[in-house]
Number of protein chains: 2
Amino acid sequence: MEQFRKVCRENGIKVTPQRLEVFLEILGATDHPSAEEVFRRVRRKLPMISLDTVYRTLTTFDELGLIATLRSLEDRSRFDPNTREHHHVVCTGCKRVMDIFWPEIDALSMPPQVEDWGRVETKHVLLRGTCSTCLLKIESEAD
Amino acid sequence: MEQFRKVCRENGIKVTPQRLEVFLEILGATDHPSAEEVFRRVRRKLPMISLDTVYRTLTTFDELGLIATLRSLEDRSRFDPNTREHHHVVCTGCKRVMDIFWPEIDALSMPPQVEDWGRVETKHVLLRGTCSTCLLKIESEAD
DNA sequence: GTCGTTGCAAAAGTTTTGCACGTTA
DNA sequence: TAACGTGCAAAACTTTTGCAACGAC
């Protein structure tokens with residue numbers, strides 16, 4: 001909690017009761033809650049908090065690297081005619097997606113914790129980064 | 001195209017101009033278009049097609065295994081307090097997500113096609129399957 | 001002719017935003 | 001007190017659904 005105040009100070013954002021409660025709630029969560037679920041839980045302590053504040057707070061925390069957001073390709077589904085096992089790399093700049101074939105990954109056996117968990121049906125790797133075109137663009141903008 | 005008629009016949013769905021055009025368009029696509037983008041392209045050939053038909057058609061094709069849908073965890077974002085590198089397995093039954101630590105994957109170097117592509121910043125593996133609780137439930141329902 | 005499919009419109013669900021007010025630093 | 005952050009309400013956006021008309025088999 002002192003840690004949290006410190007992170008806020010370092011990043012120039014204010015410590016509000018809303019941010020503090022969302023922080024405490026999400027840090028104790030092991031079940032990957034949705035924004036709606038976080039809202040439900042935080043409201044027990046802070047009944048007047050609004051859902052859009054929860055969204056704004058989660059976005060802020062994600063930007064500060066305090067939490068990770070699970071979502072694959074931005075906000076909408078994309079469709080792929082290739083149904084063979086393969087993977088994807090997406091550019092955070094231009095949002096373009098490239099197929100990857102990666103036999104080493106396909107061949108890997110599951111870690112023990114997953115064997116106990118149940119039956120795995122599919123495996124998909126998503127890489128994020130910056131494509132060479134966008135890298136060039138960023139370099140030329142830096143002039 | 002004859003292939004497509006055959007798949008439809010085998011699965012008991014009708015061959016409509018809409019389905020045919022969506023099929024032709026998506027099979028030629030290498031850029032992982034969104035539903036909206038597929039709609040835009042198909043409309044060039046079939047100006048009267050509606051967006052909801054495109055959605056329905058894409059869903060149907062996905063169910064038949066003709067295409068793959070890229071989307072991570074169902075429809076909404078989920079948040080994870082764990083920002084160390086790790087991966088996830090999600091149960092298609094109960095939608096619960098479990099963290100996975102998988103050093104073998106983390107240590108793998110990128111395939112050559114990715115080295116050329118640009119700079120990769122993050123790597124995330126998503127497994128889908130059925131957790132043991134849901135497996136038991138399915139078995140008991142099968143009685 | 002039957003029944004699955006489409007188009008339209010409206011709804012549903014998640015996430016974002018404009019704005020006036022309140023709170024933090 | 002000067003920004004920043006919040007709550008409210010409404011909007012934006014993607015995706016789904018009810019229904020009458022239509023078209024494939």
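Below, chains carry the letters A, B, ... as their sequence lines are ordered, and counting in each starts from 1.
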For [X], check side-chain hydrogen bond (donor to acceptor under 3.5 Å, both in side chains) against everything at least two apart and list the hits.
X	answer
A:E21	none
B:E25	none
A:N11	none
A:E121	B:T130

Using a heavy-atom cut-off of 4.0 Å to chain A, what are the terminal contacting nucleotides of DNA chain D, in 5' to 3' order? D:dA3 to D:dT15
Among all residues two or more places apart in sequence or in another chain, which pass the side chain to side chain contact (heavy atoms under 4.5 Å, CB included) test with B:D52? B:S50, B:R56
Suppose we screen for side chain to side chain contact (heavy atoms under 4.5 Å, CB included). Which residues come up paired with A:Y55, at least two apart in sequence or across chains? A:A35, A:L51
Output a table of donor-acceptor pairs, distance under 3.5 Å, between side-chain atoms of residues 101-108 of chain A and any protein atom two or more places apart or on a different chain; print 'none' if there are none.
| residue | atom | partner | partner atom | Å |
| --- | --- | --- | --- | --- |
| A:D106 | OD1 | A:H87 | NE2 | 2.8 |

All N/O pairs under 3.5 Å across the protein-nucleotides 23-25 of chain C interface:
| residue | atom | partner | partner atom | Å |
| --- | --- | --- | --- | --- |
| C:dT24 | O2 | A:K14 | NZ | 2.9 |
| C:dA25 | OP1 | A:V15 | N | 3.0 |

Give the angle between the helix axes at the two ends of the helix from C:dG1-D:dC25 to C:dA25-D:dT1, taking five base pairs at each end and rounding to 10°. 40°
N/O donor-acceptor pair under 3.5 Å between B:R119 side chain and A:G129 backbone: no
Under the 4.5 Å side-chain heavy-atom rule for ILVMFWY, direct or indirect, which residues accompany B:L135? none
Heteroatom pairs (N/O) under 3.5 angstrom, protein to nucleotides 12-16 of chain C:
| residue | atom | partner | partner atom | Å |
| --- | --- | --- | --- | --- |
| C:dT14 | OP1 | B:R76 | NH1 | 2.6 |
| C:dT15 | OP1 | B:S77 | N | 3.0 |
| C:dT15 | OP1 | B:S77 | OG | 3.3 |
| C:dT15 | OP2 | A:Y55 | OH | 2.4 |
| C:dT15 | O5' | A:Y55 | OH | 3.3 |

